[in-house]
Enquirer: 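Let me begin by handing over the structure; questions about it come next.
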Amino acid sequence: MKQVITIKNVRKEYQNGGVNTEVIKGVSLDINKGEFVSIMGPSGSGKSTLLYLMGGLENCTEGTIEINGKPIEKMNDTDESKMRRKDIGFVFQFFNLIPHLTVEENIILPIIIDGGKPKKYKDQLDKLLNLVGLTDKRHSKPSQLSGGQQQRVAIARALINDPEIILADEPIGNLDSKTGETIMNLFRRINLEEGKTIIQVTHSEESAAYGNRIVNVLDGLLV
Ligand SMILES: Nc1ncnc2c1ncn2[C@@H]1O[C@H](COP(=O)(O)OP(=O)(O)OP(=O)(O)O)[C@@H](O)[C@H]1O
């Protein structure tokens, strides 16, 4: 089994006004290619911090995280941001779409930020619009969409670079339960049909059950 994420003895402290708070207290975890992992735990237990460490959005205080065998902390800034763009797609609770851009412009945005040529990604864009069921909304603005549709745009945006890994932080935390089910079914398809490795943070047992492994975090430790 190919390991896509290897977490070894990771600790994370935040410093605020001279006070150190240890949020992750020594976590080791291996995630294999094609897994769909749900990270669960009470509020404040460190779930999001662990996810952000995996994506290089936060740095470990101690320990190492490897993405496809490469330790994040040994990457220089260029390699790290390249890794974040090419290997990982992020999905957040509050969609984070750009309001004045259309659906397709939002999806293609990571390519433009990267200095890529959007035209080259036309087929990928069409495929993703179809995958998330928004072909007929491609010219709409986010404000013209429901919450579930907005999250589907965010999921398509996370997939535009064809990353191997999707990291999702409470992806249905802001949606009603029926819409949440639709989104979780979409993640399941992306896992099974597209072969993406998915790691989601969730409060909800129903949504955690879409994964094939549940990891419980309590007070900065895996239990
Ligand atoms: N930038 C920061 N500076 C200081 N403390 C932080 C920072 N980010 C998070 N924390 C603290 O770290 C702890 C864990 O936060 P984290 O967001 O990882 O928890 P969580 O399990 O995802 O919680 P929730 O389910 O409520 O989102 C919390 O006590 C939080 O206040």
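Every number for a ligand or one of its atoms is a count from 1 in the order of the listing. Every value quoted in this text rests on a predicted model; they were computed, and no experiment measured them.
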Enquirer: Considering only Ile, Leu, Val, Met, Phe, Trp and Tyr, and joining two whenever side-chain heavy atoms are under 4.5 Å apart, list the other residues clustered with M40.
Expert: I214

Enquirer: If you measure only the distance, is there a donor-acceptor pair under 3.5 Å linking the side chains of Q124 and D162?
Expert: no

Enquirer: For ligand 1, would you mind listing the residues that have at least one heavy atom less than 4.0 Å away, ordered by chain and number?
Expert: Y14, N16, V23, P42, S43, G44, S45, G46, K47, S48, T49, H203

Enquirer: Sequence neighbours excluded, which residues qualify as side chain to side chain donor-acceptor pair (under 3.5 Å) partners of E194?
Expert: K127

Enquirer: Using every non-hydrogen atom in the two residues, find where L159 and I190 come nearest and quote the distance to one decimal.
Expert: CD1-CD1, 3.7 Å

Enquirer: Before accepting this row, confirm whether a basic side-chain N of the pair K8/E66 lies closer than 4.0 Å to the acidic partner's carboxylate O.
Expert: yes

Enquirer: According to side chain to side chain donor-acceptor pair (under 3.5 Å), does anything in residues 94-107 pair up with another residue at least two apart or in another chain? List the pairs.
Expert: T102-E105, E104-R138

